[in-house]
There are 2 protein chains.
Amino acid sequence: MSGEVLEQRVGGAMDGRDDALSKFQKCSIALFVNAAAALSLPRSVGEIFGLFYSSEQALSLNEVTAHLGISRGSASEGIRWLRGMGALKQVEVPGNRREHFTAETSLRKLASGYLRDRIDPHLEAGQGLLGELGEAVDDGAKCGGFQRARANQVASWYRFIGRALPVIRALAGKF
Amino acid sequence: MSGEVLEQRVGGAMDGRDDALSKFQKCSIALFVNAAAALSLPRSVGEIFGLFYSSEQALSLNEVTAHLGISRGSASEGIRWLRGMGALKQVEVPGNRREHFTAETSLRKLASGYLRDRIDPHLEAGQGLLGELGEAVDDGAKCGGFQRARANQVASWYRFIGRALPVIRALAGKF
DNA sequence: ATTTTTGTTCAAAAAAACTTGAACAAACCT
DNA sequence: AGGTTTGTTCAAGTTTTTTTGAACAAAAAT
């Protein structure tokens, strides 16, 4: 035992609810649960990020389960997911070997992480399907012109999205 | 009976699978099912819109169930939803009393309908929660500065989104 | 007026998504 | 090494969402 730091509870049973969220934390959690719903993400992800966003000091997985009253499995998955998209940063806490995290607060990073993980894969799949659509046009049929026009239109939509997303990422950098 | 037009089937049993989708239609459906997944919408909504988008002539509910092999309930709900967000336009087909629809092809209208129905409600709820967050800041506590800074940051994010969405709608109008 | 066609609704069934908790592995400490 | 603590994984359980299908209502034809 060398540089022992507080943070660690008594010693014995500290497994039960350790709750005690501040009003501010509860509001933050509600806010990000709502945001998660808007993005069709699991509620637990919103809760976890809301907790981190409203907590000044870094938190470990165990603290997350204690504060939110969710299972270790959920917390682990949620943290992994948030970390994967760059919404949580790992932080070294001296004198404590647990992994600790804090919320990423750069909107640009949050947005690009989300886009990269949740949107880009669909966009790439869409590009492939778009190619197939073009090949499926039956120029011989009497509706050939119609089909060609539609295929061209969707293609232009994809070009639009491909241009708009980088703009959004760039603009988000100002916040 | 005056201006009788084709389009209507024989007369007797036409309920079974009437399938026969062109390759182009199948591709279109796959494309919009993928898009629906990207937006976390039900697969059936993607299928229905994909079918309309790839069909030159207007279709009725019954034709949708026949082509896609989905239940009348699903088709009805899906059409209602798409119509509500302005993705399907009702069209009069002379000599046929069924309601017929065609796909809306203006990206601006499609995008604003989606934003209006799926995003704006969450955004408004978020505004309310944002207000509560501001009130929840505990200026007395030692983390008061931290909380104030976070509340201000989220507020700036909301302002950003409030400005960015109209820009997107406007840009989408060019396609 | 009766029958047929068409569209909606909603309770129940099916499917998908999310959460839990216990078993496991890895790192740390004595 | 032996015993803790910490984090991950995944099968099973729970909840939510989506789909189905049958009953109902409305409009049109006979």
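The chains referred to below are lettered A, B, ... by the order of the sequence lines, with proteins before strands, and numbering in each begins at 1.
- The minimum heavy-atom distance between I29(A) and L51(A), with the atom names listed, is CG1-N, 3.6 Å.
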For nucleotides 7-13 of chain C, list the nitrogen or oxygen atoms of the protein found under 3.5 Å from its nitrogen or oxygen atoms, one pair per line.
unit_1	atom_1	unit_2	atom_2	d
dG7(C)	OP1	E99(B)	N	3.0
dG7(C)	N7	R72(B)	NH1	2.8
dT8(C)	OP2	S76(B)	OG	3.0
dT9(C)	OP2	R80(B)	NH2	2.0

All N/O pairs under 3.5 Å across the protein-nucleotides 16-18 of chain C interface:
none

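- Here the closest heavy-atom approach between residue L129(B) and residue A30(A) is recorded as CD1-O, 3.7 Å.
- The aromatic rings of F52(B) and F101(B) lie perpendicular to each other, with more than 60° between the two planes, well past the 30° mark.
- For an aromatic pair to be called close, the ring centres must be under 6.0 Å apart, and Y53(A) with W157(B) satisfies this.
- Residues V167(A) and I161(B) share a single hydrophobic cluster, defined by chaining ILVMFWY side chains whose heavy atoms lie under 4.5 Å apart.
- Per the geometry, CD belonging to E63(B) stands 14 Å off C1' belonging to dT5(C), to the nearest Å.
- Between D138(A) and K23(B) the shortest side-chain heavy-atom distance does not fall below 4.5 Å.
- Salt-bridge formation is not detected for the pair D117(A)/R83(A): no Lys NZ or Arg NE/NH1/NH2 atom is positioned less than 4.0 Å from an Asp or Glu carboxylate oxygen.
- Side-chain contact between V33(B) and V45(B) is absent, with no heavy atoms from C-beta onward closer than 4.5 Å.
- Counting only heavy atoms from C-beta outward, the side chains of N62(B) and R72(B) approach each other to under 4.5 Å.
- In this structure, L133(B) and C27(A) approach most closely via the heavy-atom pair CD1-CB, 3.6 Å.
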With 3.5 Å as the limit, what N/O pairs link the protein to nucleotides 14-16 of chain D?
none

